[in-house]
Amino acid sequence: MLETQLAHWGILPVVAIESASDASPLAEALSSADLPIAEITLRTDGAIHAITQLTKREQFIVGAGTVHSVEQAKQVADAGVAFVVTPGFNPKTVSWCLQHSLPIFPGVSSPTDLEMALDFGINVVKFFPAEQLGGVNMLKALHGPYSNVRFIPTGGISLTNLREYLSLPSVIACGGSWMARQDWIRKGRFDEIQRVSTQAVQERRQLLAT
Ligand code: 3PG
């Protein structure tokens, strides 16, 4: 089950890829860091092509992010993604994904959004933009009335605050672009991606060991 895999990896790299030729080196860098999972955002012309490259790979989990419409959900479903992430809560996109058994982690930013997610039977959601919305304190406050919800906080997370988020029982995984920055991909700095991703994985392992 996808949620089990997400909880297993605990970190979700959010990536913007401009050229499909960068897909394989990206997957290799993340896999070498023992983090074989990515959310590829539909923010670049090359995103769908890159997703198509990545979904061919075995042992690599590919989701699509920044999905704003049913049309885009259909496109990424055809490209073979394992899951969809949306920045906000769009009931049409959510319905389509559920009807087509495509796991979706919709974005929420408030209790009202959470009520909508629960209405759809969804209890794993993206919390976006995490830092700007109050970060760890907001998640702690939401955990009271929504103790059955698990969050993927994303937005403003990096190695400096990763541990604080991952320490919360309501956090299933943390999302972020800090380990696979767009400028590194552009410059072919896959060594840097591997190095920073390895740091993130190690930080989480240290936390789990305590
Ligand atoms: C997203 O698309 O989820 C965010 O842009 C990622 O946020 P970050 O760049 O602050 O990690």
Side-chain angles (χ1 to χ4, degrees), residues 1-68 71-87 93 96-98 100-107 124 126 152 154 157 159 162 166 172-205 208:
M1 187 176 181
L2 186 68
E3 282 161 25
T4 311
Q5 288 179 307
L6 193 61
H8 174 76
W9 298 114
I11 298 169
L12 179 59
V14 176
V15 191
I17 302 188
E18 282 156 31
S19 163
S21 61
D22 290 330
S24 283
L26 170 83
E28 273 149 35
L30 291 173
S31 299
S32 305
D34 201 16
L35 192 56
I37 184 166
E39 171 193 328
I40 308 298
T41 60
L42 300 191
R43 296 186 202 172
T44 58
D45 293 340
I48 296 285
H49 199 180
I51 287 171
T52 308
Q53 295 291 314
L54 291 171
T55 54
K56 287 182 199 149
R57 297 182 79 92
E58 281 176 22
Q59 323 244 318
F60 195 84
I61 307 165
V62 190
T66 324
V67 175
H68 291 305
E71 195 187 320
Q72 286 184 324
K74 284 181 187 164
Q75 243 186 329
V76 298
D78 288 345
V81 291
F83 63 94
V84 161
V85 184
T86 63
T93 308
W96 189 89
C97 288
L98 294 180
H100 293 82
S101 303
L102 178 58
I104 176 164
F105 304 115
V124 180
K126 172 172 178 163
I152 308 164
T154 309
I157 300 179
L159 201 61
L162 178 66
L166 288 177
I172 188 167
C174 280
S177 64
W178 85 92
M179 69 211 95
R181 284 170 30 186
Q182 199 169 1
D183 58 314
W184 291 342
I185 296 174
R186 267 191 210 125
K187 291 178 192 154
R189 296 298 313 273
F190 295 100
D191 55 336
E192 200 61 7
I193 293 174
Q194 183 182 337
R195 186 183 69 78
V196 176
S197 302
T198 301
Q199 276 180 347
V201 168
Q202 281 171 353
E203 178 81 358
R204 178 163 179 268
R205 287 195 180 143
L208 292 176

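Residue numbers run from 1 in the order of the sequence given.
In this structure, the side chains of Trp96 and Ile104 stay at 4.5 Å or more apart for every pair of heavy atoms. Residues Asp191 and Arg189 meet the side-chain proximity criterion, which asks for heavy atoms closer than 4.5 Å. For the pair Phe60 and Leu35, the minimum side-chain heavy-atom distance is 4.5 Å or more. Using a 4.5 Å heavy-atom threshold, the side chains of Pro36 and Trp9 count as touching. Using a 4.5 Å heavy-atom threshold, the side chains of Leu166 and Cys174 count as touching. Residues Gln5 and Leu2 form a side-chain contact, since some pair of their non-hydrogen atoms from C-beta on lies under 4.5 Å apart. Looking at heavy atoms from C-beta onward, Ile17 lies in side-chain contact with Leu26 at the 4.5 angstrom threshold. Residues His68 and Thr93 are not in side-chain contact: their nearest non-hydrogen atoms beyond the backbone lie 4.5 Å or more apart.
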Could you go through Arg181 and Glu192, starting from their C-alpha distance and side-chain angles, then the distance that decides it, and tell me whether this counts as side-chain contact (heavy atoms from CB on, under 4.5 Å)?
CA-CA 9 Å; Arg181 284 170 30 186; Glu192 200 61 7; over 6 Å; no

Show the numbers, then the answer: is there a side-chain contact (heavy atoms from CB on, under 4.5 Å) between Val76 and Asp78?
CA-CA 5 Å; Val76 298; Asp78 288 345; over 6 Å; no

Derivation and outcome, side-chain contact (heavy atoms from CB on, under 4.5 Å), residues Trp178 and Val14
CA-CA 8 Å; Trp178 85 92; Val14 176; over 6 Å; no

Show your working on side-chain contact (heavy atoms from CB on, under 4.5 Å) between Leu162 and Ile11 and close with a plain yes or no.
CA-CA 9 Å; Leu162 178 66; Ile11 298 169; 4.2 Å; yes

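Of all heavy-atom pairs between Ala77 and Leu102, the closest is CB-CD2, 3.9 Å. Contact record, Thr52 with Lys56: O-CG, 3.5 Å, taken as the closest heavy-atom pair. The heavy-atom pair separating Gln53 from Ala23 by the smallest distance is CB-CB, 3.8 Å. The nearest pair of heavy atoms linking Val67 to Ala73 is CG1-N, 3.7 Å. Residue Thr154 comes nearest to Gly175 through the heavy atom pair OG1-CA, 3.5 Å, listed as atom of the first residue, atom of the second, then distance. Minimum heavy-atom separation, Ser21 to Pro25: O-CD, 3.3 Å.
Listed by first and then second residue, the side chain to side chain donor-acceptor pair (under 3.5 Å) pairs that reach into residues 57-67 are Ser24-Arg57, Glu28-Arg57, Arg43-Thr66, sequence neighbours excluded.
Put simply, CD on Glu39 and CZ on Phe105 are 10.0 Å apart, with the number rounded to the nearest 0.5 Å. One distance of note links CD of Gln75 with CG of Leu42; it measures 7.0 Å at 0.5 Å rounding. A distance of 12.5 Å separates CD1 in Ile37 from OG in Ser197, rounded to the nearest 0.5 Å. Rounding to the nearest 0.5 Å gives a distance of 7.5 Å between CG of Leu12 and CE of Met179. To the nearest 0.5 Å, atom OG1 of residue Thr4 and atom NE2 of residue His8 are 10.5 Å apart. The CD1 atom of Ile185 sits 4.5 Å away from atom CD1 of Ile193, with the distance rounded to the nearest 0.5 Å.
Atom CG of Asp45 has 12 or fewer heavy atoms from other residues, nucleotides or ligands within 6.0 Å.
Between Asp34 and Arg205 there is a salt bridge, with a side-chain nitrogen of the basic residue lying less than 4.0 Å from a carboxylate oxygen of the acidic one. By the 4.0 Å N-to-carboxylate-O rule, Glu71 lies too far from Lys74 to be salt-bridged with it.
Under a 3.5 Å cut-off, the side chain of Ser177 and the backbone N or O of Val15 do not form any donor-acceptor pair.
Exactly one of Val81, Val62, Ile48, Thr55 qualifies for a side-chain contact (heavy atoms from CB on, under 4.5 Å) with Ile40. That residue is Val62.
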